[in-house]
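Report on the structure given below.
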Amino acid sequence: MKGMKLLRYCCVLILLGAVLPARAALDIQITGAGEHQIPISIVPFAGEEKLPQSISGIVSADLQRSGLFRLVNPSGKAPHEPREVVYADWAGVDALSIGSAEEQPNGHIAVKFRLLDAVKQTELTGQEVSAKKDQLRAIAHRIADMIFEKLTGDPGVFSTRIVYVNRQGKSNRLVVADSDGYGEQTVLSANVPIMSPAWSPDGSHLAYVTFEQDHAVVYVQSLLTNQRIVVANFRGSNSAPAWSPDGRQLAIVLTRDGGSHIYLVNPDGTGLNQITANGVIDTEPSFSPDGQSLIFASDRGGSAQIYRMAVEGGQAERLTFEGGNNFSPRYSPDGKSFVFSNWSNGRFYIATEDFQTRQMQVLTDGGWEKKPSYSPNGKLVLFATEAQGRGILATVSSDGRVKQKMFPQAGDIRDPMWGAYLRQ
C-alpha cells in the first residue's frame, strides 16, 4: 500500500506538470546552516548509473538545501540492502540512506529505498515502487520528504511546487516549477504585466492578475486543462487574489466604487460580497488557515500596516506598530504567526510576527525583498529580491539561519508563491 500511495502521489505531480525537463531553471546558492545539523550519508543507489538522473543525487541536493543535514561522504562504501550494512563502518553518522533502481521489461523503473538508524542499528522507514522514467525526480523528492520527516518530525516540502513571474523585456511568463527549480512549466505567456499568482489549496488552479484587457483583471486557470475564466473585470483595478482554505472563495481587491476595498467572490466570478468599506487603501488579503479571518495591508492608520478582520467583516485590529511601513502579509500554515515585507530606513526586509506575543522578528539583511510566502511546513519563507542587477527568488528559514538565492537562467523573477501540499 505504501508503494502504491507513493506511485499515486508521483502520478499527480506528473499530471500537473506535464513532461518535466531535467534541466533546472534556477541556479541555487546556499548560505548558513541549522543550529543542529543531522549527519547523514546518502549511498548511491545500485543501478542508478544506468538511469537518466541520479536518485541519490536529487535526494542529497534536497536535504542539503534545507540546511538541517550534514552530508557525510560514503567514501566508497556501497551497501544497498540492510543485510549488507556493517554499522561499525558508519561511526559519526546518525542515519544512512540506501537503495536500488532497476529497469524492468515494461520500461518502468523499480525503486527500493531504506532509511536506517546507524546508531540504534534499526530500519526507520522504507518504500518500494515501480514508476515510469519521467517520474524519477518525483520519486526522489518524495524519498527526501520521507527522510526529512522521519529525522526532524516535520513534513518535508521537496515535492511541492512554486509559482512566479519571469519577465524578459516586454515578455512576461507565469511559471510553475518544482521547489528546486526543475520542471519549469509556462502556464501563461503575454506581452503585458502578469502579477499576484495564488495557488488554490489543492494545487490544481492558479488565480492571477493580467493587463490583457488594458487594466488589471483577475483570472483563475486550471493547471489540468489550461482552461481559464475571468473572475473579476470591473472598472478600475481588480487585483490581489487569495484563496480561502477550502478553495470555495477568493478574496480580491477592487477599486470599482472608489477607494481600494476587499471583496469575497466565488472562483467562477459569482457571489461578490464586499468586506471592507472606507476611504482608505485596503489590499493584499490573506486567509487564516481556519478560514475565519483575513489579514491585509492598509493605510487606514496613516501608514501602511497589517490589520486583521473577521471574514464576515467588522472592526479591523491593527497588528503591526514598529519598523516603518509593512506590506504583503501571509499567514503561517499553523496560524500562529504571519510573514510580511517591512520597509524601514530605505530598505525592504522580510519579517515575521507572532500573534500571541506580538514580537516582530526580522529574518533578512534587507534590500529589495518583497512578496513573502511560507512553505507548507512553515519552516521556510519564499520571497522576491534582487542580486547582480536582476530579480531573483530567495528563501530564508523561519529562524533566519539558512538562506538561499535562486538565480534564473534568464530574465527577472517577481511575485513568487509557495504551493501547498498536493493531496495524495
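Keep in mind that what you see is a predicted model, and the values were worked out from it rather than measured. Excluded from the calculations below are hydrogen atoms, water molecules and symmetry mates; all remaining heavy atoms, backbone and side chain alike, are included.
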All side chain to side chain donor-acceptor pair (under 3.5 Å) counterparts of [X], not counting sequence neighbours:
X    : result
S328 : E284
T152 : none
S298 : D282, R300
H215 : N233

Got a sec, which residues hit side-chain contact (heavy atoms from CB on, under 4.5 Å) with [X], two or more places apart in sequence or on another chain?
X    : result
T385 : E369, F383, I392, A394
D214 : none
Q121 : Y87
F211 : V192, P193, M195, A216

Would you mind reporting whether [Y] and [X] have side-chain heavy atoms less than 4.5 Å apart?
X    : Y    : value
P82  : I98  : yes
V231 : D268 : no
N166 : N172 : no
M406 : T395 : yes
D415 : Y208 : no
F158 : I143 : no
W418 : W199 : no
P74  : P44  : yes

- request: Go through S337 and Y374 one step at a time and tell me if the side-chain hydrogen bond (donor to acceptor under 3.5 Å, both in side chains) criterion holds.
  value: CA-CA 11 Å; S337 63; Y374 278 101; 3.3 Å; yes
In terms of the angle between their ring planes, are [X] and [Y] parallel, tilted or perpendicular, with boundaries placed at 30° and 60°?
X    : Y    : value
F338 : F355 : tilted
W343 : F348 : tilted
F296 : Y307 : parallel

query: So is R390 actually on top of W368's ring, under 6.0 Å and inside 45° of the axis?
result: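 Judged by the rule, R390 and W368 form no cation-pi pair.
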- request: May I ask you to establish whether R137 and Y182 are in a cation-pi arrangement, using a distance under 6.0 Å from NZ or CZ to the six-membered ring centre and at most 45° from the ring axis?
  value: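 Yes, R137 lies over the aromatic ring of Y182.
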Run the salt bridge (charged side-chain N to carboxylate O under 4.0 Å, His left out) test against [X] and tell me which residues pass, sequence neighbours left out.
X    : value
D399 : R401
E322 : none
E123 : R114

Can you tell me if [X] has over 12 outside heavy atoms packed within less than 6.0 Å of its [atom1]?
X    : atom1 : result
N345 : CG    : no
L51  : CG    : yes
Q227 : CD    : no
K403 : NZ    : yes
Q356 : CD    : no
R248 : CZ    : no

May I ask you to check whether [X] and [Y] show a side-chain donor-acceptor distance below 3.5 Å?
X    : Y    : value
Q305 : N326 : yes
D117 : T122 : no
T186 : S189 : no
D202 : S204 : yes
E48  : S56  : yes

Salt bridge flag under 4.0 Å for residues D354 and K336: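 Not counted as a salt bridge, because no side-chain N and carboxylate O are separated by less than 4.0 Å.
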field: Short N-O contact, E386 and R414, less than 4.0 angstrom
entry: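 A salt bridge is present here (some side-chain N lies under 4.0 Å from a carboxylate O).
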query: Please walk me through it: do W90 and S41 pass side-chain hydrogen bond (donor to acceptor under 3.5 Å, both in side chains)?
result: CA-CA 9 Å; W90 300 95; S41 187; over 6 Å; no
query: Between Y331 and F287, is the gap from one ring center to the other below 6.0 Å?
result: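 Distance test on ring centres: not under 6.0 Å, no.
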message: Please list all pairs meeting salt bridge (charged side-chain N to carboxylate O under 4.0 Å, His left out) that have one or both residues in residues 102-112, counting only residues at least two apart or in different chains.
response: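 Qualifying pairs: E103-K133.
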message: For Q249, is there any backbone N or O sitting under 3.5 Å from a side-chain donor or acceptor partner on N266?
response: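 Flag not set: sc N266 to bb Q249 has no pair under 3.5 Å.
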field: Worked check of side chain to side chain contact (heavy atoms under 4.5 Å, CB included) between R173 and L188
entry: CA-CA 6 Å; R173 292 187 301 126; L188 177 69; over 6 Å; no
